[in-house]
Amino acid sequence: MITYDDEVVCAPRAGTLYDVLELILDRGMVIDVFVRVSLVGIEILKVDARIVVASVDTYLRFAEACNRLDLEHDVRSKTVPELFGGPVATTIGRAGAKRTARSLTDKVRDILTPEEETAAEEEATRPRDHTRERAARGRSPQRPRSRPAARPRDEDDRPRSRPRRRTETEDE
Amino acid sequence: MTAPTTTGTTAGTTGTTASAPEALYVYGIAPAGVRAPRFPGVDGAPVRLLTESGLCAAVSAAPARIRPRRRDLLAHQAVLDELAGQGPLLPMRFAVLSPRPDALLSQLRTDAAHLSRQLDEVRGCVELNVKGTVVPGHFADLVRRDENLRNLALRTRRRPDYEANVRLGEAIARGVRREARRAAREVLGHLAPLAVRTMQGATDDEQVLSASFLLRSTDERRFRQAVDVRARDCGDRLALSVTGPLPCYSFVDPRPTPAGR
């Protein structure tokens, strides 16, 4: 399963032959009296050079990852507990959400229930969970609106880049 | 794979085949006086230099067939790297042949002024190529921030089915790509002022940034640091890669000879 957070890359990687294929094949000098051999199969090679992932499979993985999100603690609009005023917002906790939801309207339950399911699923997949997401979730029940839309994130909160293979070209 | 055909751009060369006995594979043009590259060339042939009018062309015997094989692409690149390490160089595109040595020498003679001027333009410079591909690392923020995406996500949760999930995923993919494109424009805006010249390449839905920068060698470190900063800044939207220093493929005039010159 793909965890999108794992794909976060924070350091540029050194290029490969495939990264310069188009330069070697399409740029550079051609002199009129010379002959450019036309290369059969070159288009196939160029398409092979990169993995194109715009597919239904990708969309479904996005949807799946999205369905695991905590959309409750939105950065901009009010959260459901807040819609019901301060007392509810302060007393409602993660554990108590379901119980409280029962006493609310069906509409509210519609919104809360998927969140509960998500939380349960979350527990099951915890070992794969990313630090950043855990941190965000751990905080949000207490401070649901504390994050501005473009929050400055301190270094420790940033996703770590995976160790990258270094090549000689990187340091030159 | 099918045998390569040849295309001649003048009447004299039309129909010349790659296997013509005197045909030469041409790697690039440098000022006279450079050392011949030690790396073997395309098809393992030794590379030698033909000198004329203060210029020299790095050539090897043309192989019977040219195909874009990995080892031949790498050989082309390695020969040019070695020459570029010695000074200015006009790299040829992969698979450029000269039908005969005398045709090549006469071309160097005719074009000497123009070629020398181009060599001056890339003297002391290297090409760095920066590519950026879409990273969906911030998609959670995107869904939370974007009213439409968020509503779509909540609707999909209430009535989850295959079609709804595809629609949701597609909308997220579009949003993620839009953010990556925006980041790519910002990266380009920050890097271009550090370069002598900038040349943008083709992009697509995954690779939203592809640009070559002509840099003075002395600016390379500063440029790489700038890329590092950008990579950290937009790492959750765009993954950057840097290739180089390269021979200046993108900054030579592809066709230096005006017709009838």
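Atom set for the values below is all heavy atoms of this structure, side chains included, hydrogens, waters and symmetry mates excluded. Letters A, B, ... are given to chains in the order of the sequence lines, protein chains preceding strands, and every chain is numbered from 1.
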## Note on the structure
The interface call for Asn129(B) against chain A, heavy-atom contacts under 4.5 Å, is side chain
### Query
Taking atom types as modelled, is there a side-chain donor on Tyr249(B) or Gln77(B) under 3.5 Å from an acceptor on the other?
yes
### Query
Checking heavy atoms, do the side chain of Ser106(B), its backbone, both or neither come under 4.5 Å from chain A?
neither
### Worked check of side chain to side chain contact (heavy atoms under 4.5 Å, CB included) between Leu209(B) and Lys131(B)
CA-CA 5 Å; Leu209(B) 174 64; Lys131(B) 288 196 173 16; over 6 Å; no
#### Entry: Toward chain A, the part of Val130(B) with a non-hydrogen atom under 4.5 Å
neither
### Message
Applying side-chain hydrogen bond (donor to acceptor under 3.5 Å, both in side chains) to Ser210(B) and Glu22(A), what does each step give before you reach the verdict?
### Response
CA-CA 10 Å; Ser210(B) 170; Glu22(A) 94 212 34; 3.1 Å; yes
### Task
Select one option (side chain, backbone, both, neither) describing which atoms of Leu149(B) are under 4.5 Å from chain A's heavy atoms.
neither
### Query
Which atom names give the shortest non-hydrogen contact between Asp205(B) and Val134(B), and what distance separates them?
O-CG2, 3.4 Å
### Thr133(B)-Gln207(B) side chain donor-acceptor pair, cut-off 3.5 Å
no
### Task
Select one option (side chain, backbone, both, neither) describing which atoms of Arg167(B) are under 4.5 Å from chain A's heavy atoms.
neither
